[in-house]
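For reference, the structure I am asking about is given below.
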2 protein chains.
Amino acid sequence: MSPNKELIGASTRLLILSVLAREANYGYAIIRAINQEGEGLFVWQEGTVYPILHKLEKEGLVRTQWQEADTGRKRKYYYITATGRGALAAGTEDWAGFHKMITALGEGNHG
Amino acid sequence: MSPNKELIGASTRLLILSVLAREANYGYAIIRAINQEGEGLFVWQEGTVYPILHKLEKEGLVRTQWQEADTGRKRKYYYITATGRGALAAGTEDWAGFHKMITALGEGNHG
DNA sequence: CACTATACCTTGAACTTCAAAGTATGTCAA
DNA sequence: TTGACATACTTTGAAGTTCAAGGTATAGTG
């Protein structure tokens, strides 16, 4: 289990949208990409990520398309939508504001 | 309700510990202090904060002491412990690392 | 005496996350 | 063709988190 579940849980959605804003991808690869990016800070489980992807789709932040890989395997690709990009931008801004506040509070402690 | 519940939920504990690292305080005032600090980004409810304070106490990150105010009112003061300061420092570091990652991902999107 | 603000706490519902298991397909080797 | 393994998607049950709402109690005000 992750040592900082609470810290991490915050921006699951934001992180997924960030990854998809770079380029469309399918679920299984998204999970690997994010966990690699996390560099040990956390490891996301399939049971966590897939439901979030489904929710993002229901909310219209991403759309999906089944595609067949060269291997013959079927993959469900996720594409970020315009709405999704908007949500990502807004979320990133909120994140920055929140971070600023946390930092300010921290600095107050040894000033 | 807060417009960014998920973003906020992350570091409830961190925020409380930050406030208490500045100076000891009692629950009701902590809630007002944090919500003021949030500047509209979020508003915490009593039903959220009190249980967290109880948990922090059980974990030894804070200790408590009942005190009587000038008004005659009884208040439960929360003091951060050495363990609590350690947890705050560690949490802040993790937070910084996580923020760095989010930022890096965001920059990748328009680079 | 009613009303408001302070001050603490608990409960039930909704939601989130995880661990675990389930389903299915392609690859590789014996 | 059989077995093992990685890929790929999904669901389920349990544990945890947060909120809205309400409950208790006391001090001050009109």
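In what follows, chains are A, B, ... by sequence order, proteins preceding strands, each numbered from 1.
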Requested in this report: Measure the distance from CD1 on B:Ile31 to P on D:dT18 and round it to the nearest whole Å.
Outcome: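 Answer to the nearest Å: 13 Å.
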
Requested in this report: Return the value, rounded to whole Å, for the distance between atom OH of B:Tyr50 and atom P of C:dT11.
Outcome: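 Taking atom P of C:dT11 as the reference, OH of B:Tyr50 is at 16 Å.
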
Query - Spacing between B:His54 atom NE2 and C:dT11 atom C1', to the nearest angstrom - result: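 Those two atoms, NE2 and C1', are 14 Å apart.
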
Query raised in the report: Where each residue is assigned the nucleotide of DNA chain D containing its nearest heavy atom, which of A:Thr71 and A:Gly47 is assigned the position nearer the 5′ end?
Result: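 Whichever sits nearer the 5' end wins; that is A:Thr71.
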
Query raised in the report: According to a strict under-4.0 Å criterion, is A:Tyr28 in side-chain N/O contact with OP1 or OP2 of D:dC9?
Result: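 No.
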
Query raised in the report: When you measure from the side chain of B:Thr83 to the backbone N and O of B:Leu61, does any donor-acceptor pair fall under 3.5 Å?
Result: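 Side chain of B:Thr83 to backbone of B:Leu61: no pair is present.
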
Query raised in the report: For the side chain of A:Thr48 and the backbone of A:Trp44, is there at least one donor-acceptor N/O pair under 3.5 Å apart?
Result: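 Such a contact is absent between A:Thr48 side chain and A:Trp44 backbone.
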
Requested in this report: Of all the heavy-atom pairs spanning B:Glu46 and B:Pro51, show the shortest one and how long it is.
Outcome: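 Distance-wise, the nearest heavy atoms are O-CD, 3.8 Å.
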
Query raised in the report: Whole Å only: how far is the CG atom of A:Leu53 from the P atom of D:dC9?
Result: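 Atom CG in A:Leu53 sits about 9 Å away from atom P in D:dC9.
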
Report task. Establish, with yes or no, whether the OP1 or OP2 oxygen of C:dC9 is under 4.0 angstrom from a side-chain nitrogen or oxygen of B:Lys76. Result ->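 The answer is yes; a side-chain N or O of B:Lys76 sits under 4.0 Å from OP1 or OP2.
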
Query raised in the report: For DNA chain C, whose closest nucleotide is more 5', that of A:Gly72 or that of B:Tyr26?
Result: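 Here B:Tyr26 is the residue nearer the 5' end.
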
**Report entry** Integer-rounded Å distance: D:dC9 C1' and A:Gln67 CD
**Finding:**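 It works out to 15 Å between those atoms.
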
**Report entry** Minimum-distance nucleotide (side-chain atoms of A:Thr48 versus D:dT18, C:dT17, D:dA8)
**Finding:**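 Side chain of A:Thr48 sits closest to C:dT17.
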
**Report entry** Nearest-nucleotide 5' precedence on DNA chain C, B:Arg75 against A:Ile52
**Finding:**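 Residue closer to the 5' terminus by nearest nucleotide: B:Arg75.
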
Query raised in the report: Does the side chain of B:Arg13 get closer than 4.0 angstrom to OP1 or OP2 of D:dT17 through an N or O atom?
Result: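 The answer is no; no side-chain N or O of B:Arg13 sits under 4.0 Å from OP1 or OP2.
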
Query - Contact under 4.0 Å: B:Gln45 side-chain N or O vs D:dT18 OP1/OP2 - result: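 It does not, given that no N or O in the side chain of B:Gln45 lies less than 4.0 Å from OP1 or OP2 of D:dT18.
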
Requested in this report: Figure out the CG/P separation between A:Leu15 and C:dT17, and round it to whole Å.
Outcome: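 One finds 12 Å between P of C:dT17 and CG of A:Leu15, rounded.
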
Query - Test side chain to side chain contact (heavy atoms under 4.5 Å, CB included) applied to B:Asn25 and B:Leu20, B:Ile31, B:Ile16, the passing residue - result: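 Among B:Leu20, B:Ile31, B:Ile16, the one that satisfies the side chain to side chain contact (heavy atoms under 4.5 Å, CB included) with B:Asn25 is B:Leu20.
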
Query - Nearest non-hydrogen partners of B:Thr81 and B:Arg63, listed with the distance - result: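 Nearest heavy atoms, B:Thr81 then B:Arg63: CG2-N, 3.8 Å.
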
Query raised in the report: For the pair made of NZ in A:Lys74 and P in D:dT10, what is the distance, rounded to whole Å?
Result: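 One finds 13 Å between P of D:dT10 and NZ of A:Lys74, rounded.
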
**Report entry** Protein-nucleotide distance (A:Trp44, atom CH2; C:dC18, atom P), rounded to Å
**Finding:**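 In whole Å, C:dC18 P lies 8 Å from A:Trp44 CH2.
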
